[in-house]
**Q** 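Starting off with a structure, shown below.
One-based numbering, in listed order, for ligands and for the atoms of each. Owing to the predicted nature of the structure, the values given are computational and were not obtained by experimental measurement.
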Amino acid sequence: MKKRSWAEPYKIKMVEPLKMLSKQERLKAIKDAGYNTFLLRSEDVYIDLLTDSGTSAMSDRQWAGMMLGDEAYAGSRNFYHLEETVQNVYGYKHLVPTHQGRAAEHMISKILIKKGDFIPGNMYFTTTKLHQEMAGAKFVDVIVDEAHDPNSEYPFKGDIDLNKLQALIDKVGADKIPYVAMATTVNMAGGQPISLGNLKAVRELTQKHGIDIVHDMTRVAENAYMIQQKEAGYQDKTVAEIVKEINLLTDHATMSAKKDALVNIGGFLATNDPEVFQEARNMVVVYEGLHTYGGLAGRDMEAMAIGIKESVADGHQRARIGQVQYLGDLLLKAGVPIVKPVGTHGVFLDAKAFYPQLTQDEFPAQTLAAELYVDSGVRAMERGVVSAGRNAETGKHNYPKLELVRLTIPRRVYTQAHMDVVAESVIEVYEKAKEASGLKMVYEPKYLRFFQARFEKL
Ligand SMILES: *Cc1c(COP(=O)(O)O)cnc(C)c1O
């Protein structure tokens, strides 16, 4: 068959000019930023792949929706539109809006966790785990072993290892496990999806023991697309149908709408449990705002409702994930070590394989992100020992197996030509990897240190 290319299912109506610094200016900028890409000024960045969080381009429909914002303190019509959308598209009964995902994580952790509990999950996420710990629980990683191996081609590296979950239940008892934390997709594993077969099995096991499932549904539509592409029996289902099927197997959900849902700010807690809903509605007025706005303007809720509907369109996900795969394929062809298979929201560089000369105490991924910025002005993010923080009991660094740099692709923002430029720069940095020396940490914040830590060259 002749090759037929696909293209983005939209055209560009507004542009935002980019600035490009000289190499000398970039060297100074990264030094001033303590070799932490989070501390760079966005204006000093050429192509910004720090995160896909809140960085996506809204559609003309979403912008039109902003003008329909009903900025009433209570009972805004945009809240009801959002509530109806969460019920119809996602299938959860009750909605509590929040300003972003971590506010929902805060509430669900406080509501469901008692001190001394254990929360098994398919790999940790930074804010999720911290809120679980602050509520008194210990997080236990029960993801499949393949997830920790950047070279494993297993298609559903987000799956939970049922033996690990069963072993935890046997060890601590089901009454110490209020819920399983199940994320779609698994960010820290490289944007890897779960399979519906696995979720069904987890559901069966947890129901037997009266354990809930809290679904981190931040990228559920991207996960659904991967199920459609790779899991037997789902080829003829739409992304929208698969999203619903996933959600119906879970009890509560936290959402960072800044990812899948194509908005610059927003999130929510959703639940099917009327008691949890009551408590969350009570709590949200303390931390976020009234239960019909939760820290958002009416216009934000309107843009979110429209973005949720756009996010489950097959054509949107095909282009979104297609662009990520395109970048991944360029790097694979050049022999650059990346996490395989390529995930849905970014390409993850294997910094340990880039820099075999560096120990994890010399922060290989932090180093790689800084080198990449100096080479081309492309901004990426560390996902390794800095992000993993310290062990709450021993105070020592956590040493994750994966030491990664994430090239995260915002939705609908960059073109294929931008992806070519990124690939060329990564390849150049890889070719010069032998020359690189590591970093030492000179300032370490107490919480989520990767955001604000500062480094110096060794
Ligand atoms: C971004 C993210 C969160 C936290 O959401 P915020 O909107 O940044 O507070 C939680 N879980 C996952 C998987 C995420 O990617």
**Q** Look at atom 4 (C) of ligand 1 and say which protein heavy atom is nearest, naming residue and atom and giving the distance to 0.1 Å.
**A** Thr127 OG1, 3.6 Å
**Q** Do other residues, nucleotides or ligands put more than 12 heavy atoms under 6.0 Å from Lys200 NZ?
**A** yes
**Q** What protein heavy atom sits nearest atom 6 (P) of ligand 1, and how far away is it?
**A** Gln100 NE2, 3.3 Å
**Q** Side chains of Tyr92 and Thr250: any donor to acceptor distance under 3.5 Å?
**A** yes
**Q** Any salt bridge linking Asp52 with Lys259? Criterion: basic side-chain nitrogen under 4.0 Å from a carboxylate oxygen.
**A** no
**Q** Return the option from His345, Lys258, Lys259, His106 holding the heavy atom at the smallest distance from atom 1 (C) of ligand 1.
**A** Lys259
**Q** Is the distance between the ring centroids of Tyr73 and Tyr293 less than 6.0 Å?
**A** yes
**Q** Tell me: protein heavy atom nearest atom 3 (C) of ligand 1, and distance?
**A** Phe125 CE2, 3.4 Å
**Q** Return the closest protein heavy atom for atom 10 (C) of ligand 1 as residue, atom name and distance.
**A** Glu105 OE2, 3.0 Å
**Q** Quick check on contacts: which atoms of ligand 1 are under 4.0 angstrom from a heavy atom of Thr218?
**A** 11 (N), 12 (C), 14 (C), 15 (O)
**Q** Could you tell me whether the side chains of Arg406 and Asn187 share a donor-acceptor contact shorter than 3.5 Å?
**A** yes
**Q** Do you see a donor-acceptor pair shorter than 3.5 Å between the side chains of Glu146 and Ser152?
**A** no
**Q** Write out the residue and atom name of the closest protein heavy atom to atom 7 (O) of ligand 1, then the distance separating them to 0.1 Å.
**A** Ser256 OG, 2.6 Å
**Q** Considering only non-hydrogen protein atoms, determine which one is nearest to atom 12 (C) of ligand 1 and report residue, atom name and distance to 0.1 Å.
**A** Asp216 OD2, 3.3 Å
**Q** Quick one: which ligand 1 atoms are inside 4.0 Å of a heavy atom on Asn187?
**A** 15 (O)
**Q** Where is the nearest protein heavy atom to atom 8 (O) of ligand 1: which residue, which atom, and how far?
**A** Arg102 NH2, 3.0 Å
**Q** Side chains of Ser76 and Asn78 only: does a donor on one sit below 3.5 Å from an acceptor on the other?
**A** yes
